[in-house]
Every structure is written in structure tokens, then in C-alpha cells.
2 protein chains.
Amino acid sequence: MNELTEKQRNILDFIQLAQQAGAPVPTLREIAEHFGFKSSRAAADHLDALKRKGFIQSEIGKARSLRVVSPFTQIRNQLADIPIFGSIPAGSPDNREQAVEGLTTVDVKSLGFTPTRNTFALRVKGDSMIGKHICDGDIVLLEFGAEPHHGQVVAAFVDGLSTLKTFLIKSGKPFLRAENPKYRDIIPAEELTIQGVLRGLIRRTDA
Amino acid sequence: MNELTEKQRNILDFIQLAQQAGAPVPTLREIAEHFGFKSSRAAADHLDALKRKGFIQSEIGKARSLRVVSPFTQIRNQLADIPIFGSIPAGSPDNREQAVEGLTTVDVKSLGFTPTRNTFALRVKGDSMIGKHICDGDIVLLEFGAEPHHGQVVAAFVDGLSTLKTFLIKSGKPFLRAENPKYRDIIPAEELTIQGVLRGLIRRTDA
DNA sequence: ATTCATACTACTCACATGAGTAGTATCAAT
DNA sequence: ATTGATACTACTCATGTGAGTAGTATGAAT
């Protein structure tokens with residue numbers, strides 16, 4: 001019952017293509033022009049059919065407000081871009097221009113938290129956090145400016161490099177510990193800059 | 001010289017967020033309303049500044065035609081939606097309607113491989129792969145139909161559930177092994193369905 | 001001192017755009 | 001035979017929307 005005709009599918013594809021390309025969604029007249037219709041009503045008819053069949057939605061009276069609602073985009077939530085740094089520059093990660101190695105885009109819901117401007121990513125070097133199952137090459141998502149709690153993993157600026165450590169409080173004093181018996185670093189955290197608190201992780205496995 | 005003021009940055013973020021969410025780009029009046037301006041001219045002034053500094057582009061006279069052209073979107077590549085299953089239904093993951101728990105969107109470049117229609121995700125239950133640093137609650141990205149190689153991690157259908165195991169070949173025969181001494185499962189792989197080969201991993205760390 | 005960018009309010013204008021009315025033609029299902 | 005969905009043309013209307021004019025205030029740079 002919810003099957004599309006060829007014309008309707010073509011129009012749905014046309015809209016979806018524009019949407020995916022990052023371009024504004026076409027207007028009734030743009031659709032009409034593209035398909036050679038001489039009246040925008042023809043396009044409106046097809047959109048009505050697509051709406052009735054649940055493939056698209058729009059807000060009334062609002063220009064270019066079409067949305068394709070495939071089973072995927074229905075589930076889809078807010079997205080967020082998070083910059084990946086090779087190493088974090090000193091201070092705030094707001095100095096975005098420098099050292100940005102790439103960008104990762106995550107679905108907020110699947111991640112379980114909402115990234116802010118203070119969220120950034122870092123490529124892990126070394127196996128100092130292997131005890132927490134954070135491996136060499138993993139991308140870790142961190143939040144700048146968050147207050148670290150006992151047992152949380154944090155990024156700290158040590159010897160000119162950003163390194164991951166576990167944040168611990170012992171006798172009221174904060175310490176940093178590597179999660180690998182090979183590295184016996186236990187460093188008083190007072191003298192250091194905590195750059196971010198671990199919020200998530202992305203790993204790529206080579207094929 | 002191309003630095004943005006805080007106001008301009010906020011407005012750029014507002015536009016980019018809408019764009020990423022798949023929503024139509026805001027109009028002058030929508031921007032003005034969101035930031036509490038009483039005139040759309042205020043928004044237009046900021047957009048003029050952003051255009052002059054090269055952060056956005058627009059087509060004249062066209063509704064909602066803004067595009068963010070920051071270094072971010074320049075780096076940005078193809079995105080891919082990957083469905084997350086609570087447990088994989090038997091057979092091909094193409095039966096997407098069922099058991100889809102959520103959706104994760106990843107940047108292809110940061111992931112290091114290109115997801116296909118055969119790429120899917122699975123939420124890990126249990127710690128049977130802790131030896132490979134795959135933890136309970138992690139989201140693993142898998143590829144259906146790929147030929148598993150010795151030592152790769154695969155998803156297999158065992159006792160009505162999808163479980164992760166390491167794929168091994170011993171004396172020409174394929175075996176599956178759990179990476180946890182607690183689970184001594186060594187199962188001949190011939191009788192089993194390999195549902196997918198591990199390609200990536202996403203972890204969320206509770207705040 | 002003056003210039004310039006930023007950051008607005010208040011208002012206007014033209015046209016872009018969604019939405020609608022009325023009518024025609026075709027085809028499949030009943 | 002008649003109904004209903006599809007697939008249009010021709011036209012109108014209200015409002016959404018980008019663009020612009022005029023003016024005010026602030027602060028940094030020269």
C-alpha cells in the first residue's frame with residue numbers, strides 16, 4: 001500500500017540527493033522546473049502523495065522545510081562534529097585552527113551524551129591505558145573543562161604532550177596514574193593541566 | 001584578520017547545528033528570534049560579516065540557501081549511517097526493520113574504512129572479548145559477508161544469540177575462541193554462521 | 001579627532017514560496 | 001459505469017524571506 005510510483009520515487013530521490021549534498025531542499029517550483037512541469041501544482045501533488053505515504057514531512061508555510069523520513073532518518077538524532085587533535089594545544093581546545101587532524105561525526109543518542117563546544121577528540125598514542133582497555137590508535141572523546149572525579153580517565157599535558165591518565169584522589173590529594181604496569185607514573189595532579197575528561201571512544205580495526 | 005567575534009561564532013554554530021541535524025537552515029528572522037534580536041537586520045549584519053570572512057556562502061534571493069564553508073566542513077567527508085542491533089537477526093542484516101536499537105553516524109575518513117550496506121553495529125553484552133579490549137556496552141562495527149581471516153574478531157550466531165569471538169584456523173580447520181579465560185569456549189566454526197567481521201568500535205564512558 | 005568594525009532598532013520593498021481552487025486526462029479497480 | 005489514484009495545466013493569494021535604507025551606540029585602532 002505504501003509503494004511509490006516511479007515519478008514519486010524520482011522526486012523523492014531528487015529531494016534526498018539535494019539534502020545529502022548539503023544543499024537547501026528544492027522548492028515546489030524548483031522541482032517542477034527540474035522535471036519539466038509547467039505548474040508547481042504538479043510537484044505539490046507528488047509531495048502530497050509522498051507525505052500521505054509517510055516518506056516526507058514538512059512544516060506548513062515554511063520555505064524549504066521538507067525532510068525525507070526514511071526508517072533511518074526517523075531514528076536519527078542530532079549529529080555533532082568533534083575535532084580530532086593529533087595532540088592537544090595548550091589551553092582551551094577552542095583554538096580550532098591548529099593541529100586539527102580530522103573530524104569525527106557522532107550520533108548523539110548512540111554516544112549517550114551531548115557533545116558541546118568543549119568536546120574534542122584525541123588519537124591515542126601508546127598503551128599506557130591498556131588496563132582500561134584503551135588501545136594505541138583509538139580515538140578518545142574528551143570534554144574540556146569538566147571537573148574530574150575519582151577513577152575517571154583524563155587527558156593531561158605532561159612533558160609537552162597530551163597523555164591519558166586515571167584521575168585519583170588519595171588523602172584529599174589528586175593524583176594521576178597510568179593503567180599499565182610498565183608505566184609506574186604516579187604524578188601529583190596539582191601541578192598539571194587537566195585538558196579533558198574521557199567521555200567516549202572510537203576504535204578502528206584494520207581489515 | 002579572519003577571526004570571529006563571540007557573537008559571530010555563536011551564530012555560525014547555530015547555523016551549522018541546524019545544517020548537521022538535517023533541518024533547513026534558519027532564516028534571518030529565525031536567527032534574530034533565537035538570539036533575541038528585534039530586527040532581522042542584526043542577523044543580516046552578522047551573516048554579512050561571516051560571508052566577508054569566508055565562513056559562509058549563500059545564493060542571493062534564495063530562501064534558506066546558507067552554507068557553512070569552514071575548514072571543518074572542508075575536512076568533512078562522506079558520512080554513513082550504520083544501524084545498531086540489540087542482537088543480530090538470523091541471516092543477512094538487510095532485515096533492517098527488525099531489532100534496530102539505534103543508529104550511529106560515523107565520518108568515513110576518521111573511521112578508516114568505507115561502510116557499505118553490509119556494515120552494521122552491535123551492542124556488546126558481556127566481557128567475553130575483554131582480552132581484545134572489547135568491553136561490555138561497547139558498540140562494535142561489523143561487516144557482513146566478509147571473509148574472516150586468522151585472528152580477526154567475528155560475530156557468530158550461537159545459541160540464538162550473536163556473540164563475538166576470535167576466528168582462528170588450526171590445522172586447516174576454523175575455530176572460534178572467546179578472549180576471556182572465564183569462557184573456555186572453543187567451537188568448531190564450520191557449524192556456525194559467521195555474521196560479520198569486526199571493523200571498528202565505539203565506546204561511551206559514563207560521566 | 002576621526003575612522004572603522006561591531007552590534008544593534010525600525011522600517012520598507014520585491015519577489016520567493018507554500019498552499020489552494022478549478023479543471024483535464026489516463027488508467028486500474030470495482 | 002463509477003470511483004479513486006495518478007499526473008498534470010493555469011491561475012490566485014497570503015505570507016515567508018532576503019535585501020536594503022536610515023539611524024544609534026560602543027569601542028578599538030590610527
Side-chain angles (χ1 to χ4, degrees), chain A residues 1-19 21-69 94 97 117, chain B residues 1-19 21-70:
Chain A
M1 61 189 270
N2 271 2
E3 301 216 342
L4 294 182
T5 65
E6 199 183 328
K7 288 267 177 182
Q8 287 167 0
R9 172 139 297 274
N10 287 340
I11 288 171
L12 184 64
D13 285 347
F14 179 61
I15 296 166
Q16 205 167 16
L17 213 75
Q19 203 178 244
V25 166
T27 64
L28 292 175
R29 285 163 185 84
E30 283 169 358
I31 294 170
E33 193 192 9
H34 182 263
F35 288 96
F37 307 151
K38 291 182 179 170
S39 169
S40 63
R41 192 73 260 262
D45 273 352
H46 288 122
L47 294 188
D48 286 345
L50 286 168
K51 280 173 199 169
R52 181 165 42 80
K53 293 177 180 175
F55 284 81
I56 56 172
Q57 285 178 354
S58 74
E59 293 168 68
I60 52 170
K62 204 169 167 185
R64 301 177 189 273
S65 62
L66 287 176
R67 279 161 165 263
V68 178
V69 284
D94 249 348
E97 286 111 46
R117 183 175 312 171
Chain B
M1 63 186 277
N2 271 3
E3 300 217 341
L4 294 181
T5 64
E6 199 183 329
K7 289 267 176 180
Q8 288 167 1
R9 166 113 264 150
N10 287 339
I11 286 171
L12 183 64
D13 285 347
F14 179 60
I15 296 166
Q16 205 168 16
L17 214 75
Q19 203 178 245
V25 166
T27 64
L28 292 174
R29 286 164 184 84
E30 283 168 357
I31 295 170
E33 193 192 8
H34 181 264
F35 288 97
F37 308 151
K38 292 183 180 171
S39 169
S40 63
R41 193 74 259 265
D45 274 352
H46 287 122
L47 294 187
D48 286 345
L50 287 168
K51 281 173 198 170
R52 182 165 42 81
K53 293 177 180 176
F55 284 81
I56 56 173
Q57 284 177 354
S58 73
E59 292 168 68
I60 51 170
K62 204 169 167 184
R64 301 179 187 273
S65 63
L66 287 175
R67 279 161 164 262
V68 178
V69 285
S70 74

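To find a chain, count down the sequence lines: A is the first, B the second, and so on, and within it residues start at 1. Only this structure's heavy atoms are used, side chains among them; waters, hydrogens and symmetry mates stay out.
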For B/Arg52, is there an ion pair with B/Asp48 - N to carboxylate O distance below 4.0 angstrom?
no
Atom-pair distance (CG on B/Leu50; C1' on C/dT6), nearest Å
12 Å
Between C/dT17 atom P and A/Glu33 atom CD, what is the distance in whole Å?
11 Å
Could you label the plane-to-plane angle of the A/His34 and A/Phe14 rings as parallel, tilted or perpendicular, counting under 30° as parallel and over 60° as perpendicular?
parallel
Under 4.0 Å from OP1 or OP2 of C/dT6: is there any side-chain N or O of B/Lys53 that close?
yes
A/Ser40 side chain to A/Leu28 backbone, donor-acceptor under 3.5 Å:
no
May I have the distance from A/Leu47 (atom CG) to C/dA19 (atom C1'), rounded to whole angstrom?
12 Å
Per-nt protein contacts along nucleotides 14-26 of chain D (heavy atom under 4.0 Å; B base, S backbone sugar-phosphate only, - none) come out as --SBBSBB-----
Side-chain (A/Arg64) to main-chain (B/Pro24) donor-acceptor, under 3.5 angstrom
no
Could you tell me how far apart B/Ile11 (CD1) and C/dT6 (C1') are, to the nearest whole angstrom?
11 Å
Please state whether the phosphate of D/dA7, meaning OP1 or OP2, lies under 4.0 angstrom from any side-chain nitrogen or oxygen of A/His46.
yes
Over how many whole Å does the gap from B/Arg9 atom CZ to C/dT6 atom C1' extend?
17 Å
Please determine if a side-chain N or O atom of B/Gln8 lies less than 4.0 Å away from the OP1 or OP2 oxygen of C/dA5.
no
Which heavy-atom pair separates A/Ala63 from B/Ala63 by the least distance, and what is that distance?
CB-CB, 4.0 Å
Integer-rounded Å distance: C/dT6 P and B/Asn10 CG:
15 Å
Between B/Ala49 and B/Ala42, which residue's closest nucleotide on DNA chain C lies nearer the 5′ terminus?
B/Ala49
Over all heavy atoms of both residues, which pair between B/Leu66 and B/Lys51 is shortest? Give the atoms and the distance, please.
CD2-CE, 4.4 Å
NE2 of A/His34 versus P of D/dC8: gap in Å, rounded?
14 Å
Any idea which heavy atoms bring A/Phe35 and A/Ile11 closest together, and the distance?
CE1-CG1, 3.6 Å
note: B/Phe37, atom CZ; C/dA7, atom C1'; distance rounded to Å ~ 8 Å
